[in-house]
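Have a look at the structure below before the remarks.
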Amino acid sequence: MLTTRFTWSRIQIALASLIPLVSMESTHANQVSGHVVDADTMTPISGAIVTLQASSIKDTTAADGSFLIQIGGGTDLVFVAAAKGYFNTAITQTPPATDMTFLMPPVPQDDNPNYLFRSPQQCSACHPNQYAEWNGSPMSKAGLNTWVHDIFNGQGTSGGLGGFVYTRDSEFSEANPASECSACHQPENWIAQPFSRMEGPQDMSYPSTQTMHGISCETCHKVADINETNINYPGIFPGLVTLTRPVPGGQVMYGALGDVDFSAVPLMRASYQPQIRAALCGACHQDKNDPSENHSFDGITSEPTYIEWLESPYSNPQSQHHADCVTCHMPPTGETDICDFLAPPLMRDRATIRSHRIEGTTPFYLENAVELDMTTTLTGTTIDVDVVITNTGTGHHVPTGVTVRNMILLVEAWQDGNDPLVNPLTYLGNQMVHELGGVGNPGLGYYAGLPGKFYAKVNHNADGIGPTFFTDATGIQFDNRIPALASDATQYSFALPAGVDGNVNVRARLIYRRAFRFLVDAKNWTRDGHGNTLNDVEPPHYGFLMELAESSRAISTDCLGPGNGDVNGDGLLNGRDVEDFVTVLLTSPSGPPSVAFCAADMDGDGEITLDDAGSFITTLLAE
């Protein structure tokens, strides 16, 4: 028996020693490894991404170009190596596999000025869904934006010569008559002829094919590099944007997917460009003016959006909030196939196929940009309102973009049966909408001087006068916009009507406007730059309603018996009533009667005393 136990013990030990070997053999069976190297120099490429195609299984190469990927098995699997500046390179392999070597050809860095951009319609042959999303979008119509033409030379609409016109009013119009509008709004024209004037309605050729393309497929997908140290340069500007337009017989298409291996020169050859997700957007959504007119662009920020994002937690890959421009402005479409030419189709994760409509100030985005919280408190003689706006839904300030964009918080209080703009309660505070909210009839959307707050970035010129258009700005008069994840709190107090029973209504509206109201009026704009209805001049809000909070509180001239302690009038007796009880006790112990007063008068004797305080505490503790 002893011998049997000893023998079995040795067998157990032997079997246990084999477990790591079996595990190791299993691991190797599901493993691929190797190196990624430059095909010309045979030097290792660090930071390249090797991906099992159409999956999230990937590895990033080490300093020696090595990679190691664990997978679940399979045969004839496609692995794609991608690195900025190189053509994507694929190898088909059945695991296990070691010493895989990806020889990655560098993308030629020459830029052929004679290359003709392909039309978006040509791209639609393989990418019909992406074309359909882009076609008719603000991106596709960037060169036709009537507001841009009105600001540049007043030729966009019939009222365009009203208000500021760059070619007439800017101090820089003589030295720089073309400005740089074309670098963003008509990039194909600018790329073909840098520093050229924007084509406009005054030109016989308008709109040319290039202008009709707006910001086209190849405008973005031919960008090899964004020099982020010069991110404040405007648009497709030398020193900021590097294009690699191919010579005849060559081709390159840059994109954010690092596992595309389809190649059909001269139509398509893929190269990974991670900057397309954010920095590329910054080319047109981040710039400063150029007061020295020496192309240093070190003046006042005109488009601030990219830096606002870069300085927020959203730009940090380690943050729980991490998101980039593509995450928000190019949401998944629900499709699983990005190219109609492939047979069989390459099925992808729905999260990787993104919309090419690229929107920003549509109702969906405006309604989900911020959260507005409003609380109301009744005292003996006033109704006090606290409003907190929190930027929970954007990765940049709100509002953002060109400096004419603005928001108005409007806080109103009125009795039942009255018009809040005609017969409001008397306002006791000094927090009011700035004159840029519009001076005039509140019933027509001129809200200056009303309770609330105006949010914008307002520039001034060399004489300290603002607002001024960004080209002529020398400083910032004020900038009270709300950064990403930040909150802005304001307080308001209205006098309660004496000797009146009924309800007092309170409403807080947050309204988005595309331009300062005086500028809209000066140019007689009734449509936005793309021909859509302009909410700024449309009732009932005279702007787009982003957020709305409403409350109705009962007031009374008489108390009907002892109070119940619900001093804040929310239908509950709890700790939230304590502060309001103390306020009534200290500020209006003898009335006049109000909902708060009556609720605090626990013994019903018409006075708020320490006896009421004792009864209040006893009742509160009994709850």
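When a residue number appears, it is its place in the shown sequence, counting from 1.
Remark: side-chain polar atoms of Ser315 are paired, donor with acceptor, to backbone N or O of Leu310 under 3.5 angstrom. Remark: side-chain polar atoms of Thr376 are not paired, donor with acceptor, to backbone N or O of Val385 under 3.5 angstrom. Within the 3.5 Å criterion, the main-chain N or O of Gly160 finds a donor-acceptor partner in the side chain of Lys523. Formation of a donor-acceptor pair under 3.5 Å by the Arg357 side chain with backbone atoms of Gln130 is not found in this model. In terms of modelled atom types and a separation under 3.5 Å, the side chain of Asp203 and the main chain of Tyr206 share no donor-acceptor contact. The closest donor-acceptor contact from the side chain of Asn176 to the backbone of Phe172 lies at 3.5 Å or more, if one exists at all. Of the possible donor and acceptor atoms, one in the side chain of Trp309 sits under 3.5 Å from a partner among the backbone N and O of Ala323. The backbone N or O of Arg514 sits less than 3.5 Å from a side-chain atom of Arg405, completing a donor-acceptor pair. Remark: side-chain polar atoms of Asn391 are not paired, donor with acceptor, to backbone N or O of Val370 under 3.5 angstrom.
Residues Ser196 and Asn189 bring no donor and acceptor atom of their side chains to less than 3.5 Å of each other. Side-chain N/O atoms of Gln286 and Asn232 include a donor and acceptor closer than 3.5 Å. The closest side-chain donor-acceptor pair between Asp536 and Trp525, if any, does not fall under 3.5 angstrom. Between Thr533 and Glu538, the side chains place no donor N or O within less than 3.5 Å of an acceptor N or O (distance only, hydrogens not considered). In the model, Asp472 has a side-chain atom that pairs as donor or acceptor with a side-chain atom of Ser170 under 3.5 Å. Side-chain atoms of Ser205 and Glu199 include a donor-acceptor pair closer than 3.5 Å. Donor-acceptor pairing under 3.5 Å is lacking for the side chains of Ser140 and Asn135. At a cut-off of 3.5 Å, with distance as the only test, no side-chain donor of Asp384 or Thr377 sits close to an acceptor on the other residue. Arg168 and Ser173 are not linked by any side-chain donor-acceptor pair at a separation below 3.5 angstrom, with hydrogens and angles left out of the test.
Note: Tyr306 and His285 fail the aromatic proximity criterion, with ring centroids not under 6.0 Å apart. Note: His356 and Tyr131 fail the aromatic proximity criterion, with ring centroids not under 6.0 Å apart.
Smallest separation of non-hydrogen atoms from Pro304 and Thr400: CG-OG1, 4.2 Å. The minimum heavy-atom distance between Leu534 and Val520, with the atom names listed, is CD2-CG1, 4.0 Å. Contact record, Ala473 with Asn289: O-ND2, 2.9 Å, taken as the closest heavy-atom pair. Shown here for Leu378 and Ala596, the closest heavy-atom pair between the two residues is O-CB, 3.2 Å. Residues Trp134 and Ile215 approach most closely at NE1-O, 2.9 Å, considering heavy atoms. Of all non-hydrogen atoms in Tyr365 and Pro331, the two that sit nearest each other are OH-CD, 3.8 Å.
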When you look at His149 and Gln155, which way does the side chain to side chain donor-acceptor pair (under 3.5 Å) test go after all the steps? CA-CA 6 Å; His149 292 294; Gln155 299 299 308; over 6 Å; no

Please lay out, stage by stage, how Tyr233 and His295 fare under the test ring-ring contact (aromatic ring centres under 6.0 Å, His included). CA-CA 8 Å; Tyr233 287 17; His295 295 170; 8.2 Å; no

Derivation and outcome, salt bridge (charged side-chain N to carboxylate O under 4.0 Å, His left out), residues Arg277 and Asp324: CA-CA 7 Å; Arg277 294 189 62 96; Asp324 57 26; 2.6 Å; yes

Apply side chain to side chain donor-acceptor pair (under 3.5 Å) to Glu359 and Ser137, showing your working. CA-CA 8 Å; Glu359 296 178 323; Ser137 71; over 6 Å; no

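Considering CE of Met139 and NE2 of His329, their distance stands at 11.0 Å, rounded to 0.5 Å.
Residues satisfying the side-chain hydrogen bond (donor to acceptor under 3.5 Å, both in side chains) test with Arg509, not counting sequence neighbours, are Glu412, His541. Checked against ring pair (Phe, Tyr, Trp, His ring centres under 6.0 Å), Tyr427 has the following partners two or more places apart in sequence or in another chain: Phe494.
Considering only heavy atoms from C-beta on, Arg527 stays 4.5 Å or farther from Asn532 through its side chain. In this structure, the side chains of Asp416 and Asn418 stay at 4.5 Å or more apart for every pair of heavy atoms. Contact check for Asn145 versus His530: side-chain heavy atoms found under the 4.5 Å cut-off. For the pair Pro497/Gln415, a side-chain contact is recorded, criterion being any heavy-atom separation below 4.5 Å from C-beta on. Residues Phe297 and Ser302 fail the side-chain proximity criterion, which asks for heavy atoms closer than 4.5 Å. At least one side-chain heavy atom of Ile389 sits under 4.5 Å from a side-chain heavy atom of Leu510. Between Glu547 and Ile511, the closest side-chain pair of non-hydrogen atoms is not below 4.5 Å. Within the 4.5 Å cutoff, the side chain of Arg481 has no heavy atoms near those of the Val398 side chain.
Counting heavy atoms of neighbouring residues, nucleotides and ligands inside a 6.0 Å radius, atom CE of Met432 exceeds 12 of them. The 12-atom threshold is exceeded at CD of Glu293, counting heavy atoms of other residues, nucleotides or ligands nearer than 6.0 Å. A 6.0 Å sphere centred on CG of Asn294 holds more than 12 heavy atoms belonging to other residues, nucleotides or ligands. When the shell of 6.0 Å around CD of Glu550 is examined, it contains more than 12 heavy atoms from other residues, nucleotides or ligands.
Each ring pair (Phe, Tyr, Trp, His ring centres under 6.0 Å) pair with one or both residues in residues 435-461, not counting sequence neighbours, appears once here: His434-Phe454.
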